[in-house]
Amino acid sequence: MNITYHIDDIDQVARQILAHTTNKAILFNAPMGAGKTTLINAMCKQLGINEVTSSPTFSIVNEYKTDKITVYHFDLYRLEHPEELLNIGIEDYIDSDAYLFVEWPDLLEPYLESFTTINIEILSPNQRKVVLS
């Protein structure tokens, strides 16, 4: 699935992505400033998360909940070795029934049995292209 969108349409794009993926593990690949966190925020909103979401750059993972779902938002940018994932208890997150939204996912991929990858390309300051695979 390929979607080209203006940033003003991000809520609609988030809805489309969630409707087209069966995986709860969603990995986000994009350069800095491409809008990974912005798209994750919109996806959380579509899932009913009412609290403000933010990038977990320094905390590594943020947890968001509703009465029915849990979302773990990871930013693995600062991690350098797979062992660091074990130190944060990654197996517990993977074994949960929660959504896993992961920025900078390269170290995590070998731990996952299935996942959806979202690649974001910057087309202009306000326009992006997402490709799901």
Side-chain angles (χ1 to χ4, degrees):
M1 180 167 103
N2 297 329
I3 305 170
T4 299
Y5 66 97
H6 188 277
I7 196 72
D8 292 341
D9 300 323
I10 198 161
D11 290 331
Q12 178 184 345
V13 171
R15 191 171 27 259
Q16 287 180 279
I17 290 170
L18 290 167
H20 283 92
T21 184
T22 58
N23 290 305
K24 286 190 171 183
I26 302 177
L27 311 183
F28 294 79
N29 291 308
M32 287 271 194
K36 294 179 294 292
T37 301
T38 303
L39 182 54
I40 290 169
N41 184 38
M43 291 172 68
C44 286
K45 183 178 169 185
Q46 292 301 314
L47 291 169
I49 304 292
N50 292 320
E51 63 190 285
V52 175
T53 60
S54 62
S55 179
T57 301
F58 296 102
S59 61
I60 309 296
V61 62
N62 288 343
E63 177 183 43
Y64 308 112
K65 288 186 164 208
T66 71
D67 292 343
K68 299 177 183 177
I69 64 150
T70 300
V71 174
Y72 293 113
H73 176 190
F74 295 87
D75 183 332
L76 304 181
Y77 181 77
R78 296 181 326 127
L79 300 187
E80 297 178 7
H81 305 286
E83 298 80 30
E84 293 174 281
L85 290 170
L86 300 175
N87 291 340
I88 65 167
I90 198 64
E91 294 102 339
D92 293 332
Y93 293 110
I94 291 171
D95 291 340
S96 74
D97 190 38
Y99 282 90
L100 307 178
F101 295 160
V102 186
E103 299 182 43
W104 309 102
D106 293 344
L107 291 176
L108 183 61
E109 281 186 39
Y111 290 91
L112 298 172
E113 290 181 22
S114 66
F115 53 87
T116 296
T117 300
I118 295 178
N119 295 298
I120 304 172
E121 181 182 342
I122 301 171
L123 301 178
S124 73
N126 292 315
Q127 194 171 30
R128 301 291 186 267
K129 178 181 179 181
V130 295
V131 178
L132 273 69
S133 56

Single-linkage hydrophobic cluster, 4.5 Å side-chain cutoff, [X] and [Y] together:
X	Y	value
F28	L108	no
I49	I26	yes
I88	L112	yes
I40	L100	no
I7	L123	no

### Query
NE2 of H20: more than 12 outside heavy atoms within 6.0 angstrom?
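Result for NE2/H20: open.
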### Query
Got more than 12 heavy atoms from elsewhere within 6.0 Å of CG, N50?
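Count not over threshold, so no.
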Minimum heavy-atom distance [X]-[Y], with the two atoms named:
X	Y	result
S114	A25	O-CB, 3.9 Å
T117	F115	OG1-CE1, 3.3 Å
G48	T66	O-CG2, 3.3 Å
E80	L107	C-CD1, 3.9 Å

[X] [atom1] to [Y] [atom2] distance, which is reported to the nearest 0.5 Å:
X	Y	atom1	atom2	result
M43	D11	CE	CG	12.0 Å
I90	E84	CD1	CD	12.0 Å
K24	L47	NZ	CG	9.0 Å
K45	E51	NZ	CD	14.5 Å

### Query
Do the side chain of H81 and the main chain of E83 share a donor and acceptor less than 3.5 angstrom apart?
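Side chain of H81 to backbone of E83, a donor-acceptor pair under 3.5 Å: no, none is there.
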### Query
Quick one: does K36's side chain have a donor or acceptor within less than 3.5 Å of a partner on P31's backbone?
yes
### Query
If we ignore angles and hydrogens, is there a donor and acceptor under 3.5 Å between the side chains of E103 and T37?
yes
### Query
Does the ring pair (Phe, Tyr, Trp, His ring centres under 6.0 Å) test come out yes or no for Y64 and Y72, once each step is laid out?
CA-CA 6 Å; Y64 308 112; Y72 293 113; 9.2 Å; no
